[in-house]
Amino acid sequence: MSAPVGGVCVTVLLVCVVGGRALDLLRLTAPNPPSPPAVACRCASYPNVTFCSWPEPAGSQKTRYEATCRERNGPALTRPCELLPPGSASSDPTPAASASSERLWRCQLSSLKLLTDYIINVTAVSPAGSSSHLSSFMLEDIVKPDPPVDLRVSPAGRSLLVQWSAPPTWTNLDIVPLKYHILYRWGGGVSMKTANLGPFENTRVELKGLAAGRTYLFQVCAKELLGLGRCSSWSSAVTHAVPKPPRVPLTS
Ligand SMILES: *[C@@H]1O[C@H](CO)[C@@H](O)[C@H](O)[C@H]1NC(C)=O
Ligand SMILES: *[C@@H]1O[C@H](CO)[C@@H](O)[C@H](O)[C@H]1NC(C)=O
């Protein structure tokens, strides 16, 4: 009597194990719906150049995206956010931000109204399903210029002249001016010192009181003059060594 019962048990167990494996295999091979894209929006030239971007997850080539925008409290009218697939545009406003190997999708919004809440909807669509990222923003809160360019440092008598140019992508400089901060560093490792100066409305500043014989590293960032949004990323760095004063030879 006991032997057949044992046999049944074994059979049931085997079915369970085989069944479990089959389920796991199904889980591994069945395509999952995409996860919602991690969208960030930035206005790189107030008020009319706004990009939203999100990384393309690895192995999601069959995923396509739909991006729309609408006013939060306005008519239920959606407008497209114009899609720019990874690597499609030479005009990537933030090459520094996408320094990793991540492929970045972007979409461009134009003619947004000032002081208006918008809702952006970016939906990832794959054969296995879809999922949406929804977030709201007001243009004034997401202003972040591209970094200033063409930073130069030169000696000017006993001081240093630091000069740069406004980010070329900030197209309305006359109507919407920028202000700037200078970051400079010296020393290395644990004894590294930093100083943050500004804001400056000019694109050239004379710095006094820098120590002879020291090497400094300079960077600048740009922010909308009235303080909308955030300062840009720091520009590329320029180093400058302040020469030691010439030694006066001792004569006897
Ligand atoms: C942005 O707006 C300004 C005036 O407000 C206009 O001159 C300029 O052509 C616009 N730029 C773009 C890219 O739409
Ligand atoms: C977001 O967009 C997708 C596809 O474009 C749409 O199916 C979905 O309803 C939208 N979600 C909202 C809350 O508008």
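Start at 1 and go down the list; that is how both ligands and their atoms are numbered.
- Between Gln219 and the options Ser236, Ser233, Ser235, a side chain to side chain contact (heavy atoms under 4.5 Å, CB included) holds for only Ser235.
- Within 4.0 Å of ligand 2, protein heavy atoms come from Glu66, Asn121, Thr123, Ser132, Leu134.
- In this structure, Trp105 and Trp54 have parallel ring planes: the angle between them is below the 30° cut-off, well short of the 60° mark.
- Checking side-chain atoms of Ser45 against main-chain N and O of Thr171 turns up a donor-acceptor pair under 3.5 Å.
- In the model, Thr215 has no side-chain atom that pairs as donor or acceptor with a side-chain atom of Thr239 under 3.5 Å.
- Side-chain contact check for Ser159 and Glu206: at least one donor-acceptor pair (N or O, by modelled atom type) lies under 3.5 Å.
- No more than 12 heavy atoms of other residues, nucleotides or ligands sit less than 6.0 Å from atom CZ of Arg204.
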